[in-house]
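Values below: every heavy atom of this structure, side chains too, minus hydrogens, waters and symmetry copies.
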There are 2 protein chains.
Amino acid sequence: VCASRREHAEHPVLLGYDTSTFMAPTVTQIAELRQAVEEQNNSSGESGKLGTGEDRTRVEMELLIMKVQGDVCHELERLDGEGQFLVDCWKREEGGGGITCVMQNGKVFEKAGVNVSVVHGKLPPAAAAQMRSRGHTLKAGPDGLLPFVAMGVSSVIHPLNPHVPTMHFNYRYFEIQQIDGTKDWWFGGGSDLTPCYLYPDDASHFHKTLQSAMKPHSPHLYPHFKKWCDDYFVNTHRGNERRGIGGIFFDDYCPEGESGQTALSLVRSLTNAIIPAYSPIVERRMGITYSDLEWEWQQLRRGRYVEFNLVHDRGTKFGLMTPGSRTESILMSLPLTARWEYKHEPPAGSREAELLEVLRQPRELIW
Amino acid sequence: VCASRREHAEHPVLLGYDTSTFMAPTVTQIAELRQAVEEQNNSSGESGKLGTGEDRTRVEMELLIMKVQGDVCHELERLDGEGQFLVDCWKREEGGGGITCVMQNGKVFEKAGVNVSVVHGKLPPAAAAQMRSRGHTLKAGPDGLLPFVAMGVSSVIHPLNPHVPTMHFNYRYFEIQQIDGTKDWWFGGGSDLTPCYLYPDDASHFHKTLQSAMKPHSPHLYPHFKKWCDDYFVNTHRGNERRGIGGIFFDDYCPEGESGQTALSLVRSLTNAIIPAYSPIVERRMGITYSDLEWEWQQLRRGRYVEFNLVHDRGTKFGLMTPGSRTESILMSLPLTARWEYKHEPPAGSREAELLEVLRQPRELIW
């Protein structure tokens, strides 16, 4: 059960974020977020100007992921016209909690989940090192543990119509505090598209929207993040078949010599691009009539989606193995239904085979 | 495509196994198996008596798994009345191969797979050590590698009717050759039942049949193997919910001071118990009419089956990560269809809840 929103209602705006659009109260109490902002205001030297340290980044990231959840849920409800999100607030015994929003059996969306989590606690150094690809030795306290905060928004949207692609996005922030008071922080995330049928216009629109979102910040990183996505969402056990037609993916993002605020501005821009990248595709494909055969092909592709998520996805595996994690929130990414046939192979020259070709050999250039 | 069975037809019986009941020619050429038997006959001192060394065990195990595959496929075809097994013979580039038999869309069985594989090659010592739970240092050759043979039969049978349980079995044999000529060998395997609805009579029949099969050999091991099964097929990420109502499971079976022949006799007895343990259950439940709700519950249980196989099952994970393995044969264990609903919980007191209760707290005594 979610807490009362009374506290939010009195002063709905913090750091420019209108909390009245959120699906639920923030995980960290809004008064605590407000206090962290004010403390930093006071210590930043010039009155009236916010500091740019990690506290501000952490507070703003929590507001941002709440905003993204609200925006995406409201947009999906608008597109669907009938389906509504169920909102579940949950606490994690070891510290923190989350808000899971799920729509099931909508008119357009068969199953869509948008999950926010904000967790904190103490990690053994080995676990902390495992969380990042670029490892370095972290200075733990006398108890050998490292205080950490991890937060993020993640979503998988499975539409009913096989001509409307599945979309996934996830944006997350980690902070680890060392004994000397310094903080190690980084962002990760990405957005990617998984169609059952190839529509080059859709692929082009999706990739270009992400590229544009990165332009004002780190245009040179776009090709790198695009390739990272192609290289990550791979069913290696299926002859390196990609899960979908890609997008962007990144991890361990902590640009040298730059502040958390600068890094956050890229993430903010990418989250702002989620709806513009996906919504027009849904609108132009949701009315297409489809055959039983097309539906069955979608079910088989859903089977591959399940395989990637359960066999390869690091976030899912890490989540399922972490004591105290909330399995229902992690596995909301699975489709409502899926299918496995022995040695299914679509006929040569079919639209189904056309998709497989692109999944087996992703296109390197922008569409 | 499977090789011609001409060679088998001329002398169909070897070591008492009638190869004409096999689904395909053996993976190792029958002439080679025959020669290994004859060589051991000659070297065993007394003429006319077979030796009891590993060569005989390896040859007999290959014949046994072929017999099990044939027996189970024929019995399932008899029970189904309509569905027939498709037979696929495949070679492994690195050495060996297999025979995959799959029935899809039968009248009684929605999807059933029975797979034989016989593979050999050379392993790095770390990989060899990882294959057994009871590790000890193995003496590798000058190339640092250990020649190995691994063979087994494995099967998953998913019936259409939610009142007929899914059954899984797997029996396997490993042999690793050390530089000093000695061989390290062991057996593993088990049979277990996954119903959607609890029928105590079925559970009792299944467990008792396995217990009886072990009685003449290692009766003291039965409680141990039963508990191993309850402890292995667990969805730890679902609050330790068991996949099914258990059976037996064992690994690394190499009884101290006993020959491969003695160990094989237990495995032979357990494979002989597969049909008697399962077939009567299918016959008494396959005619029950079922509702849409019961079918939907089956689909949700299938989702859990997928979760166990892809997230936890060591054989599946090891297989999918091994280069050159045949994914279609490994993943034939997945059901034709599966379903995931967010936070599904059956109503208290329902037959669905009754099953969950047993899965969450397996019964320790024999039924």
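- For B:Ile330, no part lies under 4.5 angstrom from a heavy atom of chain A.
- A distance of 6.5 Å separates CD in B:Glu307 from CG in A:Leu310, rounded to the nearest 0.5 Å.
- When the candidates A:Met321, A:His344, A:His237 are compared by the number of heavy-atom contacts under 4.5 Å with chain B, A:His237 comes out ahead.
- Looking at B:Leu320 and A:Val311, their side chains come closer than 4.5 Å, going by heavy atoms from C-beta outward.
- Only the side chain of B:Leu86 comes within contact range of chain A, with heavy atoms under 4.5 Å apart.
- Using a 4.5 Å cut-off between heavy atoms, B:Lys111 touches chain A through its side chain atoms alone.
- Between A:Glu341 and B:Leu336 the shortest side-chain heavy-atom distance falls below 4.5 Å.
- No donor-acceptor pair under 3.5 Å is formed between the side chain of B:Thr327 and the backbone N or O of A:Arg238.
- In this structure, the side chains of A:Asp88 and B:Lys343 come closer than 4.5 Å at one or more pairs of heavy atoms.
- B:Glu328 touches chain A through backbone and side chain together, each having a heavy atom under 4.5 Å away.
- Interface residue A:Gln104: only side-chain heavy atoms are found under 4.5 Å from chain B.
- Residue contact with chain B, scored on non-hydrogen atoms closer than 4.5 Å, involves the side chain of A:His312 exclusively.
- For the pair A:Trp340 and B:Thr337, the minimum side-chain heavy-atom distance is 4.5 Å or more.
- A:Tyr342 places none of its side-chain heavy atoms less than 4.5 Å from the side chain of B:Leu331.
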